[in-house]
Protein chains: 2
Amino acid sequence: MISKRQEEILKVIVEEYIKSAKPVGSESICNNMKCSSATVRNEMAELEDMGFLEKTHISSGRVPSEKGYRYYVDSLMKPKNMSGEEMLKLQTIFKNTELDLNDVITRSIEIISEITAYTSVVLGNSSSEKLKKVEVIPLNDVDLVAIVVTDKGHTENKKITLSRIDINDIKKMVDLINELLVGTPIDEVSSKLEFEIKPVIGKYVKQHEMIYNAFYNAFSDFAKSSSSCYFAGKTNILKQPEFNDSDKIRNIINKFEDKNIVDNIEETNNGINIYIGSESKLDNDVTVIKTKYDTEDGEGTIAIIGPKRMEYSKVVSLLEYIKKEIER
Amino acid sequence: MISKRQEEILKVIVEEYIKSAKPVGSESICNNMKCSSATVRNEMAELEDMGFLEKTHISSGRVPSEKGYRYYVDSLMKPKNMSGEEMLKLQTIFKNTELDLNDVITRSIEIISEITAYTSVVLGNSSSEKLKKVEVIPLNDVDLVAIVVTDKGHTENKKITLSRIDINDIKKMVDLINELLVGTPIDEVSSKLEFEIKPVIGKYVKQHEMIYNAFYNAFSDFAKSSSSCYFAGKTNILKQPEFNDSDKIRNIINKFEDKNIVDNIEETNNGINIYIGSESKLDNDVTVIKTKYDTEDGEGTIAIIGPKRMEYSKVVSLLEYIKKEIER
DNA sequence: TTTAGCATTGTCAATAGTTGAGTGCTAAAA
DNA sequence: TTTTAGCACTCAACTATTGACAATGCTAAA
């Protein structure tokens with residue numbers, strides 16, 4: 001089992017390494033402690049045996065391992081109060097009643113990125129939105145736009161080109177959807193279309209198959225593109241000394257461009273979640289700290305991406321604060 | 001004035017440097033020529049005096065300067081035929097009649113990025129689109145969505161929150177816009193709204209000022225966000241050896257994220273335009289080759305971004321081919 | 001005008017020496 | 001039994017130093 005003093009040493013090492021990004025030696029630690037460097041060395045050797053610390057090479061100082069960070073985060077970290085200045089910046093945004101929720105969130109993660117120098121992401125998850133109305137606007141003889149509106153006011157549109165099809169058939173289909181599917185959560189619309197509209201459509205509409213397909217595609221597209229994704233300080237993380245290698249930079253940037261980042265980040269349970277290194281599924285050198293927020297206008301995820309060596313306590317406090325404010 | 005032989009030497013140096021990315025020495029050139037390395041050296045010295053070549057250090061081979069590339073591009077370059085394989089890939093896309101124009105363009109720049117290993121961008125420029133219809137859909141007592149549709153089928157929407165305003169007043173405003181402004185180019189709608197709608201609106205609508213403002217904002221937003229921007233192979237250019245420095249990479253990525261890239265790239269006259277190094281306004285180490293396309297469905301710009309040392313003749317041929325195909 | 005020859009210049013990669021931070025171990029002190 | 005001082009050892013990082021090499025510029029001869 002890990003002793004009280006070992007805990008203390010681990011804590012100092014993690015916090016020192018977060019500050020300096022350089023391996024921490026026994027000498028520099030024993031200033032803050034009431035024992036000599038030799039004792040610290042013995043304890044460090046034991047912490048290393050237990051897997052909490054690592055060495056970059058045989059005669060270097062120690063660096064926290066993933067397990068070390070994990071222990072720090074779970075058991076040693078103390079919440080850090082934010083400085084007055086940072087508080088103030090965030091408060092001015094939350095107090096500005098003119099901004100709508102989306103803007104507030106966007107602005108606040110911009111500020112987080114600014115004060116932490118990490119990268120922030122919001123994933124707006126609109127899966128809980130419901131269909132409000134479908135509208136069709138003819139553009140010319142063959143083209144028309146189908147517009148889908150949700151109860152939160154989001155819209156999506158799809159251009160449909162239909163030759164040899166009666167505009168009145170389209171209108172009937174639209175009426176049918178508006179009559180039967182309004183109020184359906186947007187991600188269920190496709191399946192309801194399949195089971196509730198498709199069976200009855202044949203009665204009213206001649207070339208039902210083609211029209212049905214066009215709308216089916218429109219709704220599928222909507223469900224796909226409905227989760228928004230906004231980055232702030234996208235290149236901040238590249239400024240961290242651990243990303244001085246151009247291969248690593250390319251790798252991270254590619255990951256950011258990749259659509260799947262959304263999926264990787266999105267699965268979150270309640271509270272503040274911390275994924276260190278390999279746990280992050282993004283890159284072994286980064287930590288992702290994220291939280292879900294839940295408001296009347298929908299739910300979403302805010303994530304902060306930084307080096308493993310990130311200021312855990314500060315970021316956690318920030319996220320807790322922002323989550324609380326958004327949910328009000 | 002530059003002599004025939006100097007031209008030939010310049011051409012060999014540019015092409016050799018494009019291939020190898022290493023400074024070119026006199027020895028390696030004189031194989032391809034009917035004079036000795038010493039003669040070549042003399043000519044090279046003169047080319048350097050005239051500003052067409054540069055040295056990385058006193059005893060290195062020569063590298064083309066911006067002026068050198070420019071001369072090469074303007075006077076020496078011969079169009080290069082594409083290889084059969086590359087042709088084929090592009091043709092299969094252009095022949096696929098199921099894809100709509102946007103998809104064709106997107107897919108084809110993806111292929112360009114793949115075969116050239118540079119970065120490609122399309123900027124859809126919808127400034128020529130015309131207003132087709134304005135539609136308003138109430139969400140609840142106070143919120144409504146205004147939807148703007150253009151003749152090309154693009155839509156934009158804006159959520160408007162209006163307390164203490166009669167829904168019928170809104171409807172009147174919408175009818176007025178649909179009656180008077182349909183067919184107006186989208187970037188002129190704002191000013192027409194000012195001069196044609198505003199003066200008459202007071203007669204029909206009680207709280208006209210507020211409603212007017214809401215619509216004015218909606219249209220301004222639309223004009224702003226109407227130019228789309230799609231990248232392919234965003235990180236390709238970072239693979240070039242000249243971008244092995246992490247500062248440079250960060251710089252380029254930042255430029256790519258910056259919205260202003262659109263403005264910088266968009267101003268293009270007809271034909272194929274080549275902007276070398278500082279001319280590109282993007283970064284001194286890159287070349288941007290771009291062209292405008294013009295179809296019934298709107299115009300746009302395709303740009304290829306690579307190192308200054310890029311395969312000019314190949315890229316130019318590719319762009320010419322694609323422009324021609326798109327415009328059909 | 002062209003070319004051969006040669007001294008000159010700077011890069012690059014390999015080598016060796018030096019320094020300094022940090023460790024592990026041992027034996028003495030608490 | 002625990003802690004500490006001391007010392008030998010290790011390794012990375014830095015600094016010359018060196019020689020091989022690739023080009024160059026210049027000069028004098030072809």
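Only this structure's heavy atoms are used, side chains among them; waters, hydrogens and symmetry mates stay out. Since the model is a prediction, treat every value here as computed from it, not as a measurement. Numbers restart at 1 for each chain; the letters A, B, ... are given by sequence-line order, proteins then strands.
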Asker: Taking only residues two or more places apart in sequence, or in another chain, which ones meet B:S313 in a side-chain hydrogen bond (donor to acceptor under 3.5 Å, both in side chains)?
Answerer: none
Asker: Going by atom types only, do B:T235 and A:N254 share a side-chain donor-acceptor pair under 3.5 Å?
Answerer: yes
Asker: Please round to the nearest 0.5 Å and tell me the distance separating atom CD1 of B:I18 and atom NZ of B:K314.
Answerer: 11.5 Å
Asker: Test salt bridge (Lys or Arg N to Asp or Glu O under 4.0 Å) on A:E242 and A:R309; report intermediate values, then the result.
Answerer: CA-CA 9 Å; A:E242 34 269 90; A:R309 192 183 56 68; 2.9 Å; yes
Asker: Establish, for the pair B:K290 and B:Y275, whether the NZ or CZ atom is under 6.0 angstrom from the six-membered ring centre and no further than 45 degrees off its axis.
Answerer: yes
Asker: Looking just at side-chain N and O atoms, do B:S28 and B:E16 make a donor-acceptor pair shorter than 3.5 Å?
Answerer: no
Asker: Could you write out each protein N or O paired with an N or O of nucleotides 17-19 of chain D at a distance under 3.5 Å?
Answerer:
none

Asker: Round to the nearest Å and state the distance from B:L47 atom CG to D:dG25 atom C1'.
Answerer: 16 Å
Asker: Between A:M33 and A:I9, is a side chain to side chain contact (heavy atoms under 4.5 Å, CB included) present by the stated rule, with each step listed?
Answerer: CA-CA 9 Å; A:M33 306 208 39; A:I9 290 174; 3.7 Å; yes
Asker: Can you tell me if the side-chain N/O atoms of B:T39 get under 4.0 Å from OP1 or OP2 in C:dT3?
Answerer: yes
Asker: Kindly state which residues belonging to residues 49-59 of chain B come within less than 4.0 angstrom of DNA chain C, counting heavy atoms of the residue only, listed by number.
Answerer: B:H57, B:I58, B:S59
Asker: Whether the B:T287 and B:Y312 side chains hold a donor-acceptor pair (N or O, under 3.5 Å, no angle test) is what I'd like checked.
Answerer: yes
Asker: Please give me every residue in residues 2-29 of chain B whose heavy atoms get under 4.0 Å of an atom in DNA chain C, ordered by residue number.
Answerer: B:R5
Asker: May I have the distance from A:M44 (atom CE) to C:dT23 (atom C1'), rounded to whole angstrom?
Answerer: 9 Å
Asker: Between protein and nucleic acid, restricted to nucleotides 6-9 of chain D and to nitrogen or oxygen atoms under 3.5 Å apart, what atom pairs and distances do you find?
Answerer:
| unit_1 | atom_1 | unit_2 | atom_2 | d |
| --- | --- | --- | --- | --- |
| D:dG6 | O6 | A:R41 | NH2 | 3.2 |

Asker: Is it the case that A:K324 places NZ or CZ above or below the six-membered ring of A:Y321, under 6.0 angstrom from the centre and within 45 degrees of the axis?
Answerer: no
Asker: I need the CD-P distance between B:E48 and D:dT24, as an integer number of Å.
Answerer: 9 Å
Asker: Taking atom types as modelled and ignoring hydrogens, do the side chains of B:S246 and A:S246 form a donor-acceptor contact shorter than 3.5 angstrom?
Answerer: no
Asker: Would you mind reading off the distance between A:N42 atom CG and C:dG22 atom P, rounded to a whole angstrom?
Answerer: 17 Å
Asker: Do B:K323 and B:Y293 meet the cation-pi criteria used here (NZ or CZ under 6.0 Å from the six-membered ring centre, within 45° of the axis)?
Answerer: no
Asker: Could you tell me how far apart B:E46 (CD) and D:dT24 (P) are, to the nearest whole angstrom?
Answerer: 15 Å
Asker: Using whole Å, what does the distance between atom P of nucleotide D:dT1 and atom CD of A:E43 come to?
Answerer: 17 Å
Asker: Identify each donor-acceptor pair in which a side-chain atom of residues 72-82 of chain A lies under 3.5 Å from a protein atom, sequence neighbours left out, and give them as a table.
Answerer:
| unit_1 | atom_1 | unit_2 | atom_2 | d |
| --- | --- | --- | --- | --- |
| A:Y72 | OH | A:E15 | OE2 | 2.9 |
| A:D74 | OD1 | A:R70 | NH1 | 3.3 |

Asker: Under 30°, 30 to 60°, or over 60°: which ring-plane class applies to B:F256 and B:F231, parallel, tilted or perpendicular?
Answerer: tilted
Asker: Applying a 3.5 Å limit to both distances, which nucleotide forms a Watson-Crick or G-U wobble pair with D:dC21?
Answerer: C:dG10
